[in-house]
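To start, the structure under review is shown below, and the notes come after it.
Please read all numbers here as calculations on a predicted model, not as lab measurements. The basis for the numbers below is simple: all heavy atoms, side chains too, and nothing from hydrogens, waters or symmetry mates.
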Amino acid sequence: MRKSRGVFMLTFLLVLSLTLGGMAPVTQAKKKVVRYSDPIVLYVGQSHKIRNNGNKKKARWVSGKKSVVTVTQKGKLTAKKVGKTTVTMKIYSSKYIFKVEVLRRPVKKGTVNLMLGAKKTLKPGVKGKVTWKSADSRIASVTKSGKVTAKKVGKVRVTATTKAKEYQYMIAVYAPDADDNAGTGTVSTAKTKKYSYKVSLWNTDNGVYNGCPYGLFIETDNPDPKGFEIRSTDISRYVLVANYTDIPAQGTVDAGAVMVRVSGGYLCVVEFDTPGDKTISIYEKQDGEPLLGINYHTTIQDYQAAETAWYQRQLDTNKDNLTDDMTQEEKVELFRKLVDQVFTVVEQVDDTKLKQTGPYWITKVVDAAQKEAIVKRFEGMVK
């Protein structure tokens, strides 16, 4: 009897050991952490969606600093303010960590030419706090109010920083010729002239573009408007000043007038045919012989290039709203709403005020026909 029990126990233990030996050991799933080295760069106010690479498992999204970037549970990032942080996607025990850097959106304001020693106050045309900075104060310094002083020959970037944007000016400083004012208002000292001259352009805070009319103001003590002439091979044409209601003329403006007398000098309207560095020369007439009165230097921005860049910025800002499953009609409707948000649409654009002229993406005023043309351009860029 005892022998039978011993055999039974031995058989039982043998079967148990074989059963347990065939089972795989239970181990805890290893945690996975993936860090992406290349940062996602966004501008303040811009959105961006991180794709889940087709992973059907539900992810949980967390922002390291919600004050810098927020993230939805669908992976859509929205840049709130300038700074750096991380956004983490969690799927079960795995983590995917993305670096995010938020910058102010740069707005290029063109080149400002200043003669050595000249001063000019820059006006970015924004409200609220603006912080000014010069990349090299040895070339040009800038005050808290935006007044730039040209100190040394060369080029330097001056920036006006707001909460959401950074306005960039390129300051070009050079030494004066005998009869230059380089757009700064410095009066020539040539002894052969009877009168002094300095030249400036109206409405240039947002840059000067080819194909747009600008007021050319000639400040002079010369009492005779026929006693001097304007020379420049780069001026496309003179526009009739009688077309504009905000010309501060002294006396009646004749229909067909090219130049009128205003307080302190004379005013005409010019357009530049091509972009680039330009020179306008004023010659004084003495006994039938023209004498150089002053040279005015300015830089004309490329209208077409600036227009294309503006369209691209709008597409970049709204790219998350353009999805692959949208029909062309839906995209057109999105662009139409965008134009309504950006522009004031009027029955007819008032082109009688010289100080309100300029590229439409700067004036922000269009008529119905222009609105449809802008929508069509957007449509063509996403086909």
Side-chain angles (χ1 to χ4, degrees), residues 106-125 132 134-136 139-142 146-160 166-177 179-186 188 197-219 230-239 267-282 292 294-310 354-355 357-363:
V107 180
K108 294 186 177 181
K109 303 290 282 186
T111 301
V112 177
N113 295 288
L114 291 179
M115 184 186 296
L116 191 63
K119 297 182 179 181
K120 182 178 179 64
T121 299
L122 304 177
K123 298 177 181 179
W132 292 89
S134 171
D136 190 344
I139 296 176
S141 62
V142 61
K147 179 180 285 188
V148 176
T149 301
K151 293 184 174 182
K152 181 181 177 182
V153 174
K155 290 186 176 182
V156 63
R157 189 180 302 279
V158 170
T159 56
E166 181 180 271
Y167 299 86
Q168 302 175 349
Y169 297 84
M170 180 58 68
I171 308 299
V173 181
Y174 49 90
D177 296 331
D179 295 292
D180 272 0
N181 77 332
T184 65
T186 303
S188 168
Y197 304 87
K198 62 180 179 180
V199 178
S200 60
L201 284 172
W202 274 15
N203 195 26
T204 60
D205 287 343
N206 293 306
V208 183
Y209 295 86
N210 60 299
C212 296
Y214 295 93
L216 179 68
F217 177 50
I218 304 166
E219 184 177 344
I230 304 169
R231 294 185 183 181
S232 176
T233 57
D234 300 312
I235 294 179
S236 174
R237 61 189 176 94
Y238 297 97
V239 182
L267 186 68
C268 64
V269 185
V270 297
E271 287 185 6
F272 297 90
D273 191 36
T274 58
D277 294 331
K278 310 295 182 181
T279 300
I280 298 174
S281 300
I282 305 298
L292 179 61
I294 206 164
N295 285 329
Y296 174 87
H297 306 285
T298 190
T299 300
I300 310 303
Q301 308 299 315
D302 189 322
Y303 183 100
Q304 185 174 2
E307 182 185 37
T308 301
W310 179 84
L354 182 60
K355 288 188 177 181
T357 60
Y360 61 87
W361 64 88
I362 291 178
T363 63

For the atom pair OG1 (Thr204) and NZ (Lys123), what is the distance rounded to the nearest 0.5 Å? 10.0 Å
Gly146 and Trp132 have their tightest heavy-atom pair at CA-CE2, 3.4 Å
Could you pull out the closest heavy-atom pair between Gln301 and Asn210, with the gap in Å? O-OD1, 2.9 Å
Return yes if a side-chain donor-acceptor contact under 3.5 Å exists between Tyr360 and Glu307, otherwise no. yes
Using side-chain contact (heavy atoms from CB on, under 4.5 Å) as the criterion, list what pairs up with Ile280, not counting sequence neighbours. Leu216, Ile230, Ser232, Ile235, Phe272, Tyr296
Going by heavy atoms in the side chains, are Ile294 and Ser281 under 4.5 Å from each other? no
Thr308 side chain to Ala305 main-chain N or O, any donor-acceptor pair under 3.5 Å? no
CD1 of Ile300 to OH of Tyr209: how many Å apart, nearest 0.5 Å? 11.0 Å
Could you check if a side-chain atom of Trp202 sits within less than 4.5 angstrom of a side-chain atom of Lys355, using non-hydrogen atoms only? yes
Applying side-chain contact (heavy atoms from CB on, under 4.5 Å) to Val158 and Leu122, what does each step give before you reach the verdict? CA-CA 10 Å; Val158 170; Leu122 304 177; 4.2 Å; yes
Between OG of Ser200 and CD1 of Ile218, what distance do you get to the nearest 0.5 Å? 9.5 Å
Assess whether side-chain contact (heavy atoms from CB on, under 4.5 Å) is satisfied between Glu271 and Cys212, documenting all intermediate values. CA-CA 6 Å; Glu271 287 185 6; Cys212 296; 6.0 Å; no
Here the pair of heavy atoms bringing Asn203 nearest to Thr357 is ND2-O, 2.8 Å
Please determine whether side-chain contact (heavy atoms from CB on, under 4.5 Å) holds for the pair Val148 and Val112, giving the CA-CA distance in whole Å, both sets of side-chain angles, and the decisive distance to 0.1 Å. CA-CA 10 Å; Val148 176; Val112 177; over 6 Å; no
Nearest 0.5 Å please: distance from the OG1 atom of Thr159 over to the OH atom of Tyr169. 10.5 Å
Search all heavy atoms of Ala150 against all heavy atoms of Leu114 and return the closest pair with its distance. CB-CB, 3.9 Å
Identify the two heavy atoms, one from Val156 and one from Asp136, that lie closest to each other, and give their separation to 0.1 Å. CG2-N, 3.2 Å
Donor-acceptor pair, distance only, cut-off 3.5 Å: does the side chain of Thr298 make one with the backbone of Lys278? no
Tell me, with the steps shown, if Gln168 and Lys109 meet side-chain contact (heavy atoms from CB on, under 4.5 Å). CA-CA 6 Å; Gln168 302 175 349; Lys109 303 290 282 186; 6.0 Å; no
For a quick test of reading the model, state the closest non-hydrogen atom pair linking Pro359 to Tyr214 and the distance between them. CD-OH, 4.3 Å
Atom CE in Met170, atom NZ in Lys155: separation rounded to 0.5 Å? 7.0 Å
dist Glu166:CD -> Arg157:CZ (nearest 0.5 Å) comes out at 8.0 Å
Name all residues meeting the side-chain hydrogen bond (donor to acceptor under 3.5 Å, both in side chains) criterion together with Asp277; count only those two or more places apart in sequence or in a different chain, and write none if there are none. Thr299
Would you please say whether a donor-acceptor pair under 3.5 Å links the side chains of Thr279 and Asn295? no
